[in-house]
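Notes follow once the structure below has been shown.
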Amino acid sequence: MITDTNREESADLDALLRMGVHVALAGADFKQAFESFLAELPLRAPDFATRMPPGAERSIGLALFREIWNHTPRPDLGWKRLTLPKPERNAPCPCGSGRKYKQCCTPLEGTPPFPSGGFTVLSYVLETVPVADYGNLPLRQLDPEEVAHVASEWQADDRIEPATLLLEALLAPGTKLDSRHEHAFDTLCDLYLDDGRADERLALVERFMRTQDKQLRAAAWQRRAALHADSGEHIQAWEVFKEAQRLEPDNPSLAHLELVLLANQNRYDEARTRAAFWAKRLVKLGYADEPIVALMEDVARDPEVLRAMLAEQSEDWDAEATPEDLDALESMIENLPVPSCQYRLSPQDADAGPLHALPELAAVEQDWDDMYWGDADERNPWSDTSWLGWLGSHPMAWQSFAVIEDVIGVVGDSLFPEDADDRLDRMEDSLFDHALVLLRRVLADNGAEGLTLEWGWMENRPALRLLMQKIDMARYSQGELPLLEWLVLTLNPNDNGGQRERLVHAYCEAGRPTDALAVCDRYPGDDLAGILYGRVLALYLLSRRGDAVAALAHAAKRLPNVLKTLIAARPKTPPLTPGMVTHGGDDEAWRYRVASRETWTKCEALDWLKETAGRKP
């Protein structure tokens with residue numbers, strides 16, 4: 001029914017699914033939700049709506065929405081699904097036509113409404129959950145392969161942090177794991193590699209080497225062998241490889257690993273012999289049509305194929321720019337074009353809608369993606385600096401939030417020498433300032449000032465991420481508060497980035513406790529440390545001592561470790577896992593102390609807190 005044939009259709013499908021999930025999560029009445037879905041369909045996925053045959057809108061809409069509804073896990077119901085029973089043939093059709101089901105929508109029963117290859121809406125549901133809360137999700141109720149699929153999609157979209165946090169929660173120590181978690185393990189290892197977190201990757205691999213599940217152990221031992229080889233520890237690499245082979249002798253990935261180990265020691269003649277062995281063995285095991293067999297056959301004919309492949313990979317990921325490249329980039333950033341609106345928004349009610357690039361900018365972005373991200377799994381997109389020349393001949397690229405975000409990533413990357421840090425910092429500042437002026441211009445030209453720019457729209461995320469990064473850079477400066485207000489109170493009130501805690505404490509430092517309390521009230525039932533204890537601070541500053549004491553009692557009951565750590569003179573630093581926070585744990589308490597104790601001190605509230613906390617009830 002839906003075919004994902006090009007980028008435009010894929011974006012339309014993405015918008016349709018996101019809208020359908022949001023409608024499904026809005027209530028438990030299917031009929032009401034279905035009518036809302038039909039009403040929103042032409043607004044959120046107009047291209048798809050126009051392709052539906054006249055008169056078939058309700059029937060096709062029903063098939064689509066039933067599938068979305070039945071696959072949507074509901075956070076408010078413990079992540080269970082409200083699966084609809086199959087309609088009775090003689091019952092009224094659920095589409096609302098008034099006819100019997102057998103006379104109306106039955107013919108669509110056997111037609112898959114979405115592309116084959118795995119249908120999931122989990123990613124859209126997870127978008128409604130703050131990233132900081134991923135560690136508290138009941139992930140055991142979800143399919144680990146589906147969770148891993150979502151994380152790998154996010155990885156492909158360069159959403160490294162949320163993908164990492166999701167999989168860290170799924171694979172947390174103490175969790176019962178089995179072969180269904182192998183994809184998640186492999187993906188998390190790759191995410192750590194992408195993020196330069198070698199220690200965490202090694203710790204993960206060594207932990208999985210001790211799991212009870214044989215398939216998971218085998219995967220981990222293979223990873224460990226590769227890590228030994230990368231470190232030049234050849235004896236250890238072969239010992240670990242033999243254990244991996246003992247655990248799972250028919251695993252086709254052993255073939256590639258063995259050739260890599262041999263190549264690392266320049267044993268190419270042996271690699272040729274082993275490649276011939278593996279080619280025959282894998283064919284017998286049923287892998288004749290897999291790419292690994294073709295690789296084995298190529299190496300068996302000519303081992304230089306393996307040498308060239310490994311050399312190309314090594315060169316691709318060891319790129320470094322020249323001083324001339326740095327000068328060229330600095331000159332371009334010093335002479336950025338004036339921001340101009342190259343996006344279309346479709347404001348509706350209080351929402352600005354998604355940022356749709358106008359045709360000229362869309363073509364530039366597509367060219368950029370094709371050149372540098374289309375084959376990013378096989379090569380470093382920055383392995384040569386032709387992108388600098390491309391930017392110089394495409395000034396329109398500087399009107400793209402996505403391109404600006406990529407370039408900022410390069411500025412902070414190891415592509416440039418360390419002695420250029422000061423120059424790179426200035427360039428980064430200029431790009432962030434340019435992006436913020438551009439965002440204000442786009443909103444103003446589309447009549448969307450004061451409206452939300454929801455995180456739920458994928459198209460909006462580059463702009464919102466740039467704003468969040470700018471806020472991080474402005475921490476403890478006069479520019480932090482207005483940016484926080486704009487982000488949390490206007491653009492992204494769902495606060496997917498977890499910035500509301502910072503806003504509460506920034507208000508308190510600025511002598512605006514009433515505003516701080518109002519932010520806390522915007523999120524009723526929120527048990528984040530910064531909201532629970534931020535409320536206490538705001539009430540204290542308002543001289544509402546009785547309310548402050550009551551709020552402190554509530555906060556201390558919910559998160560006692562936070563209070564204990566906050567008022568301690570010299571608490572010990574607890575074990576910390578980068579990117580993970582245990583709700584109610586010592587690590588959460590420590591992070592709150594680091595982030596907020598200075599605010600309590602500046603507000604002259606810490607002594608009161610210590611005294612009040614020390615009173616006996």
Side-chain angles (χ1 to χ4, degrees), residues 22 25-27 75-76 127-134 136 349-352 449-456 464 467-468 471 475 480-563 566 581 583-584 588-589 591-593 595-600 602-606 608-609 612-613:
H22 287 188
L25 292 176
D76 58 329
E127 289 174 2
T128 69
V129 179
V131 173
D133 291 349
Y134 282 0
N136 303 316
D349 299 327
D351 179 28
E449 292 174 298
L451 303 185
T452 61
L453 193 72
E454 292 184 0
W455 177 265
L464 290 173
L467 177 54
M468 291 177 191
I471 290 172
R475 193 174 184 90
E480 178 190 23
L481 183 53
L483 292 178
L484 277 169
E485 289 180 305
W486 188 32
L487 175 63
V488 177
L489 303 183
T490 301
L491 295 179
N492 188 32
N494 288 328
D495 190 31
N496 307 83
Q499 302 289 334
R500 56 190 180 276
E501 297 174 275
R502 289 180 60 179
L503 179 57
V504 168
H505 290 76
Y507 271 144
C508 288
E509 281 198 32
R512 297 168 59 180
T514 301
D515 292 327
L517 195 60
V519 174
C520 294
D521 290 339
R522 287 169 67 103
Y523 303 93
D526 196 336
D527 60 354
L528 293 176
I531 298 299
L532 290 177
Y533 284 89
R535 177 182 291 277
V536 176
L537 179 58
L539 290 168
Y540 169 81
L541 294 175
L542 288 168
S543 297
R544 293 168 55 180
R545 295 295 193 268
D547 291 336
V549 171
L552 177 59
H554 174 69
K557 183 177 180 181
R558 298 297 297 273
L559 298 175
N561 284 344
V562 172
L563 177 59
L566 182 60
V581 178
H583 187 58
E588 180 188 37
R591 292 180 193 279
Y592 179 75
R593 175 189 171 96
S596 305
R597 197 171 196 265
E598 185 177 348
T599 300
W600 281 85
K602 288 181 177 179
C603 294
E604 300 180 350
L606 192 58
W608 170 85
L609 182 66
T612 305

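What you see is a predicted model; the values in this text were computed from it and never measured.
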Please give me the minimum heavy-atom distance between [X] and [Y], naming the atom from each residue.
{"X": "Cys603", "Y": "Leu537", "result": "CB-CD1, 4.1 Å"}
{"X": "Val504", "Y": "Gly534", "result": "CG1-CA, 3.8 Å"}
{"X": "Ala352", "Y": "Leu451", "result": "N-CB, 3.9 Å"}
{"X": "Leu566", "Y": "Arg597", "result": "O-NE, 2.8 Å"}
{"X": "Leu552", "Y": "Ala613", "result": "CD2-N, 4.4 Å"}
{"X": "Val129", "Y": "Tyr134", "result": "O-CE1, 3.7 Å"}

Please round to the nearest 0.5 Å and tell me the distance separating atom [atom1] of [X] and atom [atom2] of [Y].
{"X": "Leu464", "Y": "Leu453", "atom1": "CG", "atom2": "CG", "value": "5.0 Å"}
{"X": "Leu606", "Y": "Ser596", "atom1": "CG", "atom2": "OG", "value": "11.5 Å"}
{"X": "Tyr507", "Y": "Thr514", "atom1": "OH", "atom2": "OG1", "value": "11.0 Å"}

Quick check against the 3.5 Å criterion: does [X] have a side-chain atom that pairs as donor or acceptor with the backbone of [Y]?
{"X": "Thr452", "Y": "Ala350", "result": "yes"}
{"X": "Glu509", "Y": "His505", "result": "no"}
{"X": "Arg502", "Y": "Ile471", "result": "yes"}
{"X": "Arg545", "Y": "Tyr540", "result": "yes"}
{"X": "Tyr533", "Y": "Leu559", "result": "yes"}

> Would a 4.5 Å heavy-atom cut-off, applied to side chains only, mark Leu609 and Leu563 as touching?
Replying inline: yes
> Does Tyr523 reach the side chain of Leu528, with side-chain heavy atoms less than 4.5 Å apart?
Replying inline: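 With C-beta onward as the side chain, the pair stays apart.
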> Which pairs with one or both residues in residues 547-561 pass side-chain hydrogen bond (donor to acceptor under 3.5 Å, both in side chains), sequence neighbours excluded?
Replying inline: Asp527-Arg558, Arg544-Asp547, Asn561-Asp586
> Any Lys/Arg nitrogen of Glu501 or Arg591 sitting under 4.0 Å from an Asp/Glu carboxylate oxygen of the other?
Replying inline: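 Arg591 and Glu501: not salt-bridged.
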> Is the closest basic N to carboxylate O distance between Asp526 and Arg500 below 4.0 Å?
Replying inline: yes
> For Trp608 and Val536, what are the C-alpha separation, side-chain angles and deciding distance, and is it a side chain to side chain contact (heavy atoms under 4.5 Å, CB included)?
Replying inline: CA-CA 11 Å; Trp608 170 85; Val536 176; 3.9 Å; yes
> Quick one: which of Asp515, Leu484, Asp495, Leu487 gives a side-chain contact (heavy atoms from CB on, under 4.5 Å) with Leu503?
Replying inline: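 By the side-chain contact (heavy atoms from CB on, under 4.5 Å) criterion, Leu503 pairs with just one of Asp515, Leu484, Asp495, Leu487: Leu484.
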> Step by step, would you call Arg535 with Leu517 a side chain to side chain contact (heavy atoms under 4.5 Å, CB included)?
Replying inline: CA-CA 6 Å; Arg535 177 182 291 277; Leu517 195 60; 3.6 Å; yes
